[in-house]
Amino acid sequence: MKKLIYRKSVLFLWVCAYTLMILTPILFNTVVFVQSQHVLEDKVMDVNQNSMEILKRELDDQLRNMINAYIDLSYNSSIQKIAGMGNTEASGYQYEMYQTVQNLRKFEDYISEYEDYYIYFRKIGLVVSGKEPVSEQLFFSDLGATDLTFEQWKEKVQSGGNDYLHYKTADGMQNLLYYNPLIWGDNRDQDVIFLAKIVPQKLMQIKESLFYGSEGLVVVLNQENQIMTASGEVAEADLELIRNAGGGAVSVIGNGKAVTAVASSVVGWRYAYILPDWVLFTDVSRMRAMTVIAIILSI
């Protein structure tokens, strides 16, 4: 009887020791995995936040440039002289137009990187860029808008100021045209309108410079959470994630996507960066697989 009890005690101790030997590496690997996962998640979200700060800085700089260009051109004497001319045959027209083109070229060469600036002279039906003056019909044709007519475009840009016109092109991209009559003295001259074209192809140049940029999607929203422009198609579920992100620099995860949003410091816009969560958490998944393998080997 004593021998049997002794054998059971030895067996019990052996089972306990063996179980402890198994559980120790399992528990150790589990703790290491959990802690490592938190560290990696924080790390990748920090990377995403840093990318958003770069995006914000780039886009805010362009908005400031656009505002400065608008103010500068409002005081341009050549533009004011052309505005006072009744037609293109007036004395001094050619010289003043040359000066206007040169001024716009200055912004194009040294300031504007993601926007194109124009002056629209409504009286004479010309739109002037840093290249050459073209007719308003040709300018509209070059926009490539597929969802509005020339008359709709003309009515919109002549209707007021400090607003944006959305239009789509044949490639499905959402484009943006800022329009605002120039201010002379205390009044806006509704016959001379400043235009700035912001195209998603140039927005994509910023996106590609970001970490994970080739996998991401950049979206710009206004105060009403409406899409101003984007570097690609935005699903409604992704848009809902952006709306849920709230103000400030915030990251949310859902529907297999990681969304980081940050508010502009220039206008009431928000910039959002959408990434598939597997892009961010590839390292986390690799750590999880290694932990599972280590547990199996321990057993």
Side-chain angles (χ1 to χ4, degrees), residues 55-76 79 83 100 103-122 126-131 133-134 136 138-148 150 152-169 173-184 187-206 218-231 263-272:
L55 178 71
K56 175 185 175 180
R57 184 171 62 250
E58 290 276 358
L59 293 179
D60 277 357
D61 284 347
Q62 296 311 311
L63 288 173
R64 290 189 189 95
N65 289 340
M66 186 177 72
I67 294 170
N68 291 336
Y70 171 77
I71 295 171
D72 193 324
L73 293 169
S74 290
Y75 290 95
N76 186 274
I79 294 175
T100 299
N103 275 283
L104 285 167
R105 186 170 296 167
K106 174 188 69 176
F107 291 113
E108 184 178 285
D109 291 343
Y110 301 108
I111 299 178
S112 176
E113 187 178 355
Y114 303 108
E115 302 143 327
D116 297 322
Y117 299 150
Y118 307 87
I119 297 296
Y120 175 28
F121 294 97
R122 186 171 71 165
L126 285 179
V127 179
V128 185
S129 69
K131 298 180 178 66
V134 298
E136 54 190 0
L138 181 57
F139 174 79
F140 173 76
S141 177
D142 288 342
L143 286 180
T146 59
D147 54 350
L148 74 163
F150 170 68
Q152 289 172 330
W153 170 83
K154 191 173 179 180
E155 180 183 0
K156 185 69 174 176
V157 297
Q158 294 179 4
S159 63
N162 198 25
D163 204 352
Y164 297 86
L165 171 66
H166 301 83
Y167 64 95
K168 284 188 176 182
T169 49
M173 291 293 182
Q174 183 90 12
N175 294 260
L176 198 63
L177 183 71
Y178 174 75
Y179 60 93
N180 199 4
L182 294 183
I183 298 178
W184 293 339
N187 302 312
R188 293 178 186 271
D189 190 328
Q190 298 294 334
D191 290 325
V192 185
I193 303 168
F194 173 76
L195 304 175
K197 183 169 65 175
I198 305 172
V199 294
Q201 286 81 0
K202 293 185 177 181
L203 189 66
M204 290 176 71
Q205 294 176 16
I206 303 177
V218 174
V219 187
V220 180
L221 300 97
N222 63 10
Q223 296 90 326
E224 288 75 37
N225 279 325
Q226 299 170 328
I227 296 176
M228 301 295 286
T229 185
S231 62
S264 167
S265 57
V266 179
V267 295
W269 288 4
R270 295 176 69 215
Y271 311 129

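Just so you know, residue 1 is the first one in the sequence shown, and it goes up from there. Everything numeric in this text was worked out from a predicted model, so none of it was measured.
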For [X] and [Y], which heavy atoms make the closest approach, and how far apart are they?
X	Y	value
Gln223	Gly268	CG-O, 3.2 Å
Ala83	Phe121	N-CE2, 4.1 Å
Leu63	Tyr164	CD2-OH, 4.4 Å
Ala145	Tyr167	CB-CD1, 3.7 Å
Leu143	Thr169	O-CG2, 3.6 Å
Leu182	Leu73	CD1-O, 3.7 Å

Do the non-hydrogen side-chain atoms of [X] and [Y] ever get within less than 4.5 Å of each other?
X	Y	answer
Asn103	Ile119	no
Val134	Tyr118	no
Val157	Glu136	no
Leu148	Leu165	yes
Tyr179	Ser159	yes

Item to check | Check against side-chain contact (heavy atoms from CB on, under 4.5 Å), Ile71 and Ile67 | outcome: CA-CA 6 Å; Ile71 295 171; Ile67 294 170; 4.0 Å; yes

List the residues meeting side-chain contact (heavy atoms from CB on, under 4.5 Å) with [X], not counting sequence neighbours, and say none if there are none.
X	value
Ile227	Val219, Ala230, Val234, Leu239
Asn222	Glu224, Gln226, Met228, Trp269
Arg57	Ile54, Asp61

Item to check | Residues Lys197, Asp142: salt bridge by 4.0 Å N-O rule | outcome: no

So, taking the atom named [atom1] in [X] and the one named [atom2] in [Y], what distance separates them when rounded to the nearest 0.5 Å?
X	Y	atom1	atom2	result
Ser264	Leu221	OG	CG	12.0 Å
Leu104	Ser129	CG	OG	7.0 Å
Trp153	Gln158	CH2	CD	7.5 Å
Leu177	Tyr120	CG	OH	11.5 Å

Next on the checklist: Assess the residue pair Asn175 and Lys168 against the criterion (side-chain contact (heavy atoms from CB on, under 4.5 Å)); give the C-alpha distance rounded to whole Å, side-chain angles, the decisive distance to 0.1 Å, and a yes or no.
Outcome noted: CA-CA 6 Å; Asn175 294 260; Lys168 284 188 176 182; 5.8 Å; no

Donor-acceptor pair, distance only, cut-off 3.5 Å: does the side chain of [X] make one with the backbone of [Y]?
X	Y	answer
Arg105	Gly130	yes
Ser141	Leu138	no
Asp72	Asn68	no

Item to check | Parallel, tilted or perpendicular: ring planes of Phe194 versus Tyr178, cut at 30 and 60 degrees | outcome: perpendicular

Item to check | Crowding at CD, Gln152 (>12 non-hydrogen neighbours, <6.0 Å) | outcome: yes

Item to check | Pair Val127-Phe140, side-chain contact (heavy atoms from CB on, under 4.5 Å): steps then yes or no | outcome: CA-CA 10 Å; Val127 179; Phe140 173 76; over 6 Å; no

